Amino acid sequence: ERLVWNDDSNRWPYEDDIGRPPDLVLTAPMYTVEANGRDQWPQHYTSLEEVGGGSLTKERWIQAIGSRPADTDSRYVFHHANVSITDMPGNSPDPMGDETGSIKLIDTAVGTVGMIFPKNTGRGLRPGAQLRWNMHFHPYTRDMDAALQLGVWFYPEGEEPDHYSM
């Protein structure tokens with residue numbers, strides 16, 4: 001008997017665990033992965049607003065974050081990504097942030113799709129933040145436009161966890 005796979009391409013990791021879709025969806029700029037060549041590591045810098053974060057009007061605390069390739073073509077070529085929040089020096093949303101105000105938002109790879117922070121733990125996200133998208137794509141047999149999406153679940157508005165996650 002032929003095995004039939006579920007089409008989970010439009011599902012978010014953790015959607016069932018948390019009981020709702022993400023509060024915020026961020027989509028990296030589209031990148032054309034050239035066919036039959038070497039691996040490609042594009043790096044994009046975007047404002048939160050440029051990639052779908054315009055609805056964030058004040059600092060919120062992240063309860064969970066998940067990732068997925070933006071579409072079917074992206075699934076063929078996506079290998080992994082490291083996305084960071086970059087802020088102005090001295091204005092890092094992370095008390096452990098480096099001197100440039102850059103902190104890790106998410107590391108993702110095939111089989112590693114994000115994280116749900118432990119209870120009463122989270123990471124801050126501010127309006128106006130800049131994101132650095134470091135992505136690794138592996139070419140396929142044809143050119144493909146590819147991007148990564150992040151789904152962000154926030155703690156209820158006004159709720160701040162006691163512990164900050166790095």
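Fair warning: this is a prediction, and the values are worked out from it, not measured in the lab.
Inspection of the H163 and N120 side chains reveals no N or O donor paired with an N or O acceptor under 3.5 Å. Between H80 and H136, the side chains place a donor N or O and an acceptor N or O closer than 3.5 Å (distance only, hydrogens not considered). With no hydrogens or angles considered, no side-chain donor-acceptor pair links D143 and T32 at under 3.5 Å.
Taking the six-membered ring for Trp and thresholds of 30 and 60 degrees, F137 and Y31 have nearly parallel ring planes, at less than 30 degrees apart.
Using a 4.5 Å heavy-atom cutoff, the side chains of L125 and L24 are in contact. Considering only heavy atoms from C-beta on, M144 stays 4.5 Å or farther from T72 through its side chain.
We find the CD-CE distance between Q43 and M135 to be 9.0 Å, quoted to the nearest 0.5 Å. In this structure, F117 CZ and I65 CD1 are separated by 7.0 Å, a value rounded to the nearest 0.5 Å. Taking CE of M115 as the start and CD1 of I62 as the end, the distance is 10.5 Å to the nearest 0.5 Å. Atom OG of residue S84 and atom NZ of residue K104 lie 9.0 Å apart, to the nearest 0.5 angstrom.
Taking Q149 as the reference, T27, R68 meet the side chain to side chain donor-acceptor pair (under 3.5 Å) condition, with sequence neighbours excluded. Residues satisfying the ring pair (Phe, Tyr, Trp, His ring centres under 6.0 Å) test with F154, not counting sequence neighbours, are none.
Aromatic pair W133/Y45: centroids not less than 6.0 angstrom apart.
Ion pairing of K119 with D162 is absent here, as no side-chain N (NZ or NE/NH1/NH2) approaches a carboxylate O to less than 4.0 Å. Remark: R60 does not engage D23 in a salt bridge, criterion side-chain N to carboxylate O under 4.0 Å.
Of all non-hydrogen atoms in I106 and G114, the two that sit nearest each other are CD1-CA, 3.7 Å. Closest non-hydrogen pair, Y164 versus I103, comes out as OH-CD1, 3.5 Å. For P139 against V77, the heavy-atom pair with the smallest separation is C-CG1, 4.4 Å. Taking each heavy atom of V33 and Q40 in turn, the nearest pair found is CA-OE1, 3.4 Å. Counting all heavy atoms, side chain and backbone alike, A147 lies closest to S74 at N-OG, 2.9 Å. Smallest separation of non-hydrogen atoms from A129 and I85: CB-CG2, 3.8 Å.
In the displayed structure, E50 atom CD is contacted under 6.0 Å by more than 12 heavy atoms of other residues, nucleotides or ligands. Within 6.0 Å of the CZ atom in R38, the count of heavy atoms belonging to other residues, nucleotides or ligands does not exceed 12.
Put simply, the side chain of T121 never gets that close to the backbone of S165: no donor and acceptor are under 3.5 Å apart. Between the E49 side chain and the G128 main chain, a donor and an acceptor come within less than 3.5 Å of each other. Of the possible donor and acceptor atoms, none in the side chain of T108 sits under 3.5 Å from a partner among the backbone N and O of A81. Between the S67 side chain and the L150 main chain, no donor and acceptor come within less than 3.5 Å of each other.
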Pair W12-V113, side chain to side chain contact (heavy atoms under 4.5 Å, CB included): steps then yes or no | CA-CA 9 Å; W12 283 100; V113 295; over 6 Å; no
Could you walk me through whether Q130 and L48 pass side chain to side chain contact (heavy atoms under 4.5 Å, CB included), step by step?
-> CA-CA 6 Å; Q130 299 291 309; L48 191 60; over 6 Å; no
From CA spacing to verdict: side chain to side chain contact (heavy atoms under 4.5 Å, CB included), L105, R132 = CA-CA 9 Å; L105 181 59; R132 181 177 60 214; over 6 Å; no
Worked check of side chain to side chain contact (heavy atoms under 4.5 Å, CB included) between I116 and D17 | CA-CA 9 Å; I116 298 175; D17 299 301; 3.9 Å; yes
